[in-house]
2 protein chains.
Amino acid sequence: MRGEPLDAETIVSATEEVLRRHGPEKATVVDVARLLGVSHGSVYRHFPSKVALREAVIRRWLDRVRDELTEAIAEPGLTQPERLRRLLTTMFAAKWAKARVDPELFATFRVLAIEHSAESSAHVDFLLAQVRAVVADGIASGEFAAGEPDVIARAVLGATSRFHDPKHAEDWRSTEIEADAEAVIELLLRGLRSRSDT
Amino acid sequence: MRGEPLDAETIVSATEEVLRRHGPEKATVVDVARLLGVSHGSVYRHFPSKVALREAVIRRWLDRVRDELTEAIAEPGLTQPERLRRLLTTMFAAKWAKARVDPELFATFRVLAIEHSAESSAHVDFLLAQVRAVVADGIASGEFAAGEPDVIARAVLGATSRFHDPKHAEDWRSTEIEADAEAVIELLLRGLRSRSDT
DNA sequence: AAACTGACAGATATTGACATCTGTCATTCC
DNA sequence: GGAATGACAGATGTCAATATCTGTCAGTTT
């Protein structure tokens, strides 16, 4: 009946659109099929369940976030403290912007992220690896004091959860959050630096 | 009909019990009156509204938390870094214990705390003042590097929100939280200490 | 007369009949 | 004959009728 072949990617995009319009509670597989002009049975040809479909949506969303972030921190010629600061501020700013521009959409994806905790914790693992890499480089170069990169990376992410964990999204509406984040980053960098440094 | 006169304190206790049994959604003023064996009109003699009654409950709860905390940190003869560590660990442990012993009750009080944000932020101000005092003393004694005590106290509380903010209560079920808190406190203390120290 | 009651109006919550949704699959369509 | 359909069973959600709750107050009790 329609020229374009129905593929998974198209269905995921349509699902994202339905989630955007109706929110996570009201978005149904029937809605997705309706938007695509097919029967909902066809959607089930490409995804075994509604859960799997939503999982595909959140995975794509997190993949995009990850790509944005790796691109933003790819700048060469920085010291490790500078690199860590940039990694954190970029990460925070990206989340704050999303939460502020479209709070409802952000809340929707937060619901999906909670539903699919495996995907979310894979994302956290990615962030952890990014921080860990910078910390390890900094220790190797002597810019940071010696220590276990894994433990320190966990500590850095844990200490900044107020600024990146969606649980705190409501706090991000206030502009005080920038100054608070700055103060915490400053304190953490002081704690990380080796004593011989400035 | 009954010997004991009905007073505000008794009503608040009964309300706490009803909240404990039924949860924040289902707890009604009629339930409280029923538990006390009086008509609900009598409750309204002592409290102008259901909101005011719940506010009294959360205020008493937070007052008790505050008392526990001030008692726990009243030990003399500690250095300021030691005092700060003790303040934080005591604060965290108290919350973790409550959340673990009776998660539903903890969730109930969390709902009340959100309902009555004025009471909660007064409580945060109290915690902030406690941290600020230790930080200011530490700066005065040269144990901590110079800086704005207010800014630093905010940073310390902000960096540890994962360990004290009820938003993270679910994370506290894992025993990893102890080690994570320890690592963050260590990093913060390193950042706070003046450079001439150990 | 101070403390309490219980009937009341308006607001909110619960219920249960009805509608929609999820997931399956025998059948239809290119 | 592989892709899509639509009728279906069981689960979940919706909505309007019904019940309960909040807050008031004139009247009762001690």
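Residue numbers begin at 1 in each chain, while the letters A, B, ... track the order of the sequences.
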May I have the distance from [X] (atom [atom1]) to [N] (atom [atom2]), rounded to whole angstrom?
| X | N | atom1 | atom2 | value |
| --- | --- | --- | --- | --- |
| A/D7 | D/dA4 | CG | P | 10 Å |
| A/R54 | C/dC21 | CZ | P | 13 Å |
| B/L6 | C/dC4 | CG | P | 5 Å |
| B/K50 | D/dT24 | NZ | P | 14 Å |
| B/E25 | C/dT14 | CD | P | 9 Å |
| B/Y44 | C/dA2 | OH | P | 24 Å |
| B/R45 | C/dA2 | CZ | P | 10 Å |
| A/F47 | C/dT24 | CZ | C1' | 18 Å |

Among the nucleotides [options], which one has an atom lying closest to any side-chain atom of [X]?
| X | options | result |
| --- | --- | --- |
| A/V38 | D/dC21, C/dT5, D/dT5 | D/dT5 |
| B/D31 | D/dA4, D/dT24, D/dC21 | D/dC21 |
| B/H46 | C/dG23, C/dC4, D/dG23 | C/dC4 |
| A/T28 | D/dC21, C/dC4, C/dC21 | C/dC21 |
| B/K26 | C/dA3, D/dA4, C/dT14 | C/dT14 |
| B/S49 | D/dG23, D/dT22, C/dG23 | D/dG23 |
| A/V30 | C/dG23, C/dC21, C/dC4 | C/dC21 |

Q) Quick one: does A/S121's side chain have a donor or acceptor within less than 3.5 Å of a partner on A/V124's backbone? A)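 Between the backbone of A/V124 and the side chain of A/S121 there is no qualifying donor-acceptor contact (under 3.5 Å).
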Q: Could you tell me whether a side-chain N or O of A/R20 sits under 3.5 Å from a main-chain N or O of A/T108, the two making a donor and an acceptor?
A: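 The answer is no, because no donor-acceptor pair under 3.5 Å joins these two groups.
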Q.
Angle between ring planes, A/W96 versus A/W172, binned at 30° and 60°: parallel, tilted or perpendicular?
A.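 A/W96 and A/W172: tilted rings.
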Q.
If you go through the side-chain atoms of B/H40, does one of them form a donor-acceptor pair with the base of C/dG6 closer than 3.5 Å?
A.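 Answer no: no donor N or O sits under 3.5 Å from an acceptor.
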Q: Ignoring backbone atoms, test whether A/S42 places a side-chain nitrogen or oxygen under 4.0 Å from the OP1 or OP2 oxygen of D/dT5.
A: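 Yes, because at least one side-chain N or O of A/S42 sits under 4.0 Å from OP1 or OP2 of D/dT5.
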Q.
Pair B/K98, B/E68 - check salt bridge (charged side-chain N to carboxylate O under 4.0 Å, His left out), show working.
A. CA-CA 12 Å; B/K98 287 201 174 77; B/E68 274 176 52; 3.2 Å; yes
(Q) Would you say B/T79 and B/E82 are linked by a side-chain donor-acceptor pair, where the criterion is simply a distance under 3.5 Å? (A)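 A pair is found: one side chain offers a donor N or O, the other an acceptor, under 3.5 Å apart.
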